[in-house]
Enquirer: 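Okay, here's the structure, questions in a sec.
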Amino acid sequence: MNIELALAEELKNVLHELYQIDIQADASLVQPTRKEFEGDLTIVVFPYVKLARKAPDMVAKEIGDRLCERMDALTGYNVVKGYLNLSVADGYWLERLREGFADERYGLFAQREEAPVLIEYSSPNTNKPLHLGHVRNNLLGHSVSQILMACGHPVVQVNLVNDRGIHICKSMVAWLRYGNGETPESANIKGDHLVGNYYVVFDKHYKEEQAELIAKGLSEEEAAQQAPIMLEAREMLRRWEAGDPEVRALWEKMNQWVYAGFDATYARLGIHFDKTYYESNTYLLGKSLVQEGLDKGVFQRHEDGSVRVNLTDEGLDEKVLLRKDGTSVYMTQDLGTAQLRYEEFHPGKMIYVVGNEQNYHFDVLKLVLGKKLGKPFGDSIYHLSYGMVELPSGKMKSREGTVVDADDLMDDMFEEAKQSTESLGKFDFQPDEAAALYEMVGLGALKYFILKVDPAKNMLFNPAESIDFNGNTAPFIQYTHARIRSLLRKAAEQSVNVADALPDGLSPEGEEKLIVKKLYQYPQVVLAAGENLSPALIANYVYDLAKQFNHFYQETPIMRETDAAKRLLRLQISQWVANTLRNGMKLLGIDVPERM
RNA sequence: GGUUCCGUAGCUCAACUGGAUAGAGCAGCUGCCUUCUAAGCAGCAGGUUCUGCGUUCGAGUCGCAGCGGAAUCACCA
């Protein structure tokens with residue numbers, strides 16, 4: 001049991017004895033003492049003064065006396081304006097150091113036997129390559145998966161690829177008309193980019209044809225409907241749905257190009273899925289659920305033949321679940337895939353990492369499955385909603401060519417890292433080690449830049465300003481790690497065994513103790529990040545830790561220390577910091593180098 | 001117009017879920033490399049936490065009203 005919880009437990013007893021106040025013992029009643037005050041742990045006594053009918057300082061004193069009597073780990077206390085600051089014995093921190101410094105898996109909890117958490121993310125369309133918006137989605141999904149696994153939850157990562165519909169038909173039509181049989185190999189570009197290019201080609205010709213029709217006197221709307229290239233795309237979609245072998249073969253071919261491209265992008269981002277669903281397989285699902293709702297009387301068949309659900313009681317609107325021609329809409333499909341996944345994995349929780357533009361959709365999905373259909377998994381659906389990535393010019397618009405392409409962005413980050421490293425004069429790397437380092441630093445900077453922001457918030461990305469490598473950034477943290485690894489290499493060279501037992505009677509003091517206390521908090525931070533599904537908590541923690549260590553490093557000799565016991569203590573703290581930085585960054589999907 | 005989310009230093013973001021004097025980075029200015037890695041460290045400057053009212057021992061955090069921004073309110077996904 002950690003000391004906060006033990007303390008809270010005793011606090012509960014003491015409050016009952018002294019004032020007959022009954023509380024729930026909760027570790028959040030105990031917080032770390034702020035640096036500017038003496039002590040290690042703080043209890044705020046204001047909540048009890050009214051019931052105790054005494055002055056705050058008196059209450060704090062009485063509680064402090066009793067707690068110190070009861071707990072050996074406490075050595076004393078002071079009271080400042082109703083804040084009870086308790087001091088913890090040095091030996092306690094020494095024990096934490098002994099337990100933690102060599103633990104390669106520090107902050108990773110044992111996996112529990114329980115229903116898995118299913119998490120869906122990425123969910124691309126196959127008509128264009130991944131862009132910055134997908135990058136935020138992918139990084140969030142991957143990081144949250146890592147965090148949940150670190151907390152001990154089994155996790156199933158799934159992707160749902162939107163591989164069918166009018167969008168891919170547009171690329172197909174344009175490729176047939178203007179492609180001259182071009183392939184990724186012949187054009188030497190990634191398949192997803194190739195298909196994306198034809199999507200743009202489609203749009204260009206579509207606009208031209210519309211303009212011609214308007215010149216002939218058609219209205220804008222008529223022109224949009226009747227442009228020949230659009231009619232072809234619709235016909236293509238119709239033939240696809242009818243199972244036309246020729247259309248299906250083309251569709252297969254172009255989608256395979258796209259998947260090869262996606263796979264490369266995913267691999268570079270460092271993400272993978274346990275299972276990939278394709279909408280071409282799932283879009284017909286859900287109809288039986290709609291029938292079930294009709295049978296139960298919770299859905300209504302409208303006079304025009306469409307099936308709808310009335311959610312006005314819940315403060316929402318009426319929502320169509322089945323078109324009047326009986327075909328599925330997006331919602332129908334999502335109802336079906338939720339059911340499918342439930343049957344397949346029996347998850348305790350289903351997380352959907354999807355942008356906040358779909359908040360309404362997920363409100364409806366949850367309500368329909370839970371309240372209306374009474375499905376047990378309705379309430380287990382959680383929409384991890386994140387804000388848009390905006391450019392200085394506003395939202396990214398694919399039609400206006402302002403999207404930031406994921407592959408280009410990663411190339412740019414690599415290049416920035418290369419230039420930055422070279423300008424710092426660090427040339428003593430072998431070519432392959434250098435390339436690996438640039439990739440690690442460049443992608444690290446990108447990932448950290450995105451993940452340190454609270455998911456709920458919109459964020460700004462300015463392509464004109466490169467992502468920083470100084471300050472609150474991944475390279476700063478990677479650098480701190482590399483420095484420590486360098487120290488540890490030096491120790492090994494000088495035959496100092498960091499794993500040696502520390503002599504008794506020596507304890508972390510001053511800055512050393514501050515770092516040990518910070519390290520001690522890490523597992524709690526992991527749990528908090530898991531509960532809040534927030535990689536930003538990890539990012540903030542890791543930065544604070546690195547910053548604190550750098551300060552220490554600057555002022556305190558470590559390998560230069562001549563007292564062997566002190567040197568060993570500091571090396572162990574350093575190693576613990578390095579492990580924690582590495583493990584924390586891993587949760588963000590960021591690797592750390594041995595040297596940089 | 002209804003609903004939801006957001007509003008903190010010039011800019012980008014924090015603030016342990018209601019606790020002590022709101023913190024970092026960038027940008028600006030000052031110092032520190034004959035070396036445990038300067039992608040670092042120390043310092044200066046920068047704030048009516050959008051506004052107002054309320055809740056209580058205590059509010060950036062909770063409630064209400066307003067202002068500003070975003071998303072959404074499709075038989076698109």
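Lettering follows sequence order; numbering is per chain, from 1.
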Enquirer: Can the positive tip of Arg164(A) be found less than 6.0 Å from the middle of the six-membered ring of Tyr283(A), inside 45° of the ring normal?
Expert: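 Flagged: Arg164(A) positioned over aromatic ring of Tyr283(A).
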
Enquirer: With rounding to whole Å, what would you report as the distance between rG10(B) and rU51(B) at their P atoms?
Expert: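 Pairwise P distance, rG10(B) against rU51(B), rounds to 13 Å.
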
Enquirer: Across the strands shown, which category fits Asp428(A) at heavy-atom distances under 4.0 angstrom: base, sugar-phosphate, nothing?
Expert: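 Contact class for Asp428(A): none.
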
Enquirer: Considering every strand and a 4.0 Å limit on heavy-atom distances, what is the contact class for Phe469(A): base, sugar-phosphate, or nothing?
Expert: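 Base, at least one base atom sits under 4.0 Å.
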
Enquirer: May I ask you to say what Ser534(A) touches in the nucleic acid, namely base, sugar-phosphate or nothing, with a heavy-atom cut-off under 4.0 Å?
Expert: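 Here Ser534(A) touches no strand at all.
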
Enquirer: Are any of Asn470(A)'s side-chain N or O atoms less than 4.0 Å away from OP1 or OP2 of rG40(B)?
Expert: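 Yes, because at least one side-chain N or O of Asn470(A) sits under 4.0 Å from OP1 or OP2 of rG40(B).
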
Enquirer: What's the gap between rG63(B) and rC6(B) when it is taken at their P atoms, as a whole Å value?
Expert: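 Each nucleotide's P atom is 11 Å from the other's.
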
Enquirer: With a non-hydrogen cut-off below 4.0 angstrom, is Met596(A) in contact with a base, only sugar-phosphate, or nothing?
Expert: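 Contact class for Met596(A): base.
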
Enquirer: Is Lys426(A) touching bases, backbone alone, or none of the nucleic acid, heavy atoms closer than 4.0 Å?
Expert: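 Base: the residue Lys426(A), judged by heavy atoms under 4.0 Å, touches a nucleobase.
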
Enquirer: Pairing donors with acceptors under 3.5 angstrom, does anything connect the side chains of Ser171(A) and Asn127(A)?
Expert: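 Side chains of Ser171(A) and Asn127(A): no pair found under 3.5 Å.
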
Enquirer: Stacking here means centres under 5.5 Å and planes under 30°; does Tyr83(A) stack on rA20(B)?
Expert: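 Taking the rule of under 5.5 Å and under 30°, the ring of Tyr83(A) does stack on rA20(B).
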
Enquirer: Report yes if a side-chain nitrogen or oxygen of Lys457(A) is closer than 4.0 Å to either non-bridging phosphate oxygen (OP1 or OP2) of rC5(B); otherwise report no.
Expert: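 Result: no.
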
Enquirer: Rounding to an integer number of Å, can you tell me how far Asn462(A) CG sits from rC26(B) P?
Expert: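 Interatomic distance, CG of Asn462(A) to P of rC26(B): 17 Å.
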
Enquirer: How would you label the contact of Asp454(A) with the nucleic acid (heavy atoms, under 4.0 Å): base, sugar-phosphate, or nothing?
Expert: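 Since only primed, P, OP1 and OP2 atoms lie under 4.0 Å of Asp454(A), the category is sugar-phosphate.
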
Enquirer: With the stacking rule set at 5.5 Å and 30°, tell me whether Phe46(A) counts as stacking on rG58(B).
Expert: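 Per 5.5 Å and 30° rule: no stacking.
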
Enquirer: Please work out whether the ring planes of Phe461(A) and Phe449(A) are parallel, tilted or perpendicular, with thresholds of 30° and 60°.
Expert: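 Rings of Phe461(A) and Phe449(A): perpendicular, as their planes differ by over 60°.
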
Enquirer: Answer yes or no: are there more than 12 heavy-atom neighbours, outside Lys287(A) itself, under 6.0 Å from its atom NZ?
Expert: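 Yes, the 6.0 Å shell around NZ holds more than 12 heavy atoms from other groups.
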
Enquirer: If the glycosidic angle sits within 90 degrees of zero it is syn, else anti. Tell me which applies to rC36(B).
Expert: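 You should classify rC36(B) as anti.
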
Enquirer: Select base, sugar-phosphate, or nothing to describe what Thr42(A) touches, counting heavy atoms under 4.0 Å on all strands.
Expert: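 Base, at least one base atom sits under 4.0 Å.
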
Enquirer: Does rU3(B) have a Watson-Crick or wobble partner in any strand here, with both distances under 3.5 angstrom, and which is it?
Expert: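 rA71(B) - that is the nucleotide pairing with rU3(B), both distances being under 3.5 Å.
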
Enquirer: Is it the case that over 12 heavy atoms from other parts of the model lie below 6.0 angstrom from the NZ atom of Lys426(A)?
Expert: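 Yes, because the 6.0 Å sphere around NZ of Lys426(A) holds more than 12 heavy atoms from other groups.
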
Enquirer: Rounded to the nearest Å, what distance is computed from the CG atom of residue Asn472(A) to the P atom of nucleotide rA24(B)?
Expert: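 Distance check: Asn472(A) CG to rA24(B) P gives 12 Å.
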
Enquirer: Planes under 30° and centres closer than 5.5 Å, is that true for Tyr553(A) with the base of rC36(B)?
Expert: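 A stacking contact exists, since Tyr553(A) sits close and nearly parallel to the base ring of rC36(B).
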
Enquirer: Within the 4.0 Å heavy-atom criterion, would you say Ala482(A) contacts the bases, only the backbone, or no part of the nucleic acid?
Expert: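 It contacts base atoms.
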
Enquirer: Run the ring-centre check on Tyr543(A) versus Phe476(A) and record whether the distance is less than 6.0 Å.
Expert: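 Aromatic pair counts; centres sit under 6.0 Å.
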
Enquirer: So, applying salt bridge (charged side-chain N to carboxylate O under 4.0 Å, His left out) with Arg570(A), which one of Glu511(A), Glu555(A), Glu561(A) is it?
Expert: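 Per the salt bridge (charged side-chain N to carboxylate O under 4.0 Å, His left out) rule, the option paired with Arg570(A) is Glu561(A), out of Glu511(A), Glu555(A), Glu561(A).
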
Enquirer: Could you check how far CE of Met413(A) sits from P of rA39(B), rounded to whole Å?
Expert: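 Between P of rA39(B) and CE of Met413(A): 17 Å.
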
Enquirer: Have a look at rU17(B) and give me syn or anti from its glycosidic angle (syn if within 90° of zero).
Expert: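 Here rU17(B) takes the syn form, which means its glycosidic angle is within 90° of 0.
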
Enquirer: What is the separation between atom CG on Asn2(A) and atom P on rC16(B), rounded to the nearest whole Å?
Expert: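 These atoms are roughly 19 Å apart.
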
Enquirer: Now, which nucleotide makes the Watson-Crick or G-U wobble pair with rC41(B), with each of the two distances under 3.5 Å?
Expert: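 Base-paired to rG31(B).
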
Enquirer: What is the nucleic acid contact for Val49(A), judged by heavy atoms within less than 4.0 Å: base, sugar-phosphate only, or nothing?
Expert: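 The residue Val49(A) makes no contact with any strand.
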
Enquirer: Between atom CD1 in Ile467(A) and atom C1' in rA39(B), what is the gap in whole Å?
Expert: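 Taking CD1 of Ile467(A) and C1' of rA39(B), I get 15 Å after rounding.
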
Enquirer: From C-beta outward on Tyr360(A), which listed nucleotide comes closest to its side chain: rC73(B), rA39(B), rG25(B)?
Expert: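 Looking only at side-chain atoms, Tyr360(A) lies closest to rC73(B).
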
Enquirer: rC5(B) P sits how many Å from Asn356(A) CG, rounded?
Expert: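 That distance rounds to 11 Å.
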
Enquirer: Which whole-number value in Å describes the distance from Lys324(A) NZ to rA74(B) P?
Expert: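 Between P of rA74(B) and NZ of Lys324(A): 16 Å.
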
Enquirer: Please classify the nucleic acid contact of Gln478(A) as base, sugar-phosphate, or nothing, using heavy-atom distances under 4.0 Å.
Expert: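 Nothing, no nucleic acid heavy atom in range.
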
Enquirer: With a 3.5 Å limit on both atom pairs, tell me what rU17(B) is paired to, counting Watson-Crick and G-U wobble, or say none.
Expert: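 For rU17(B), the partner nucleotide comes out as none, under the 3.5 Å rule.
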
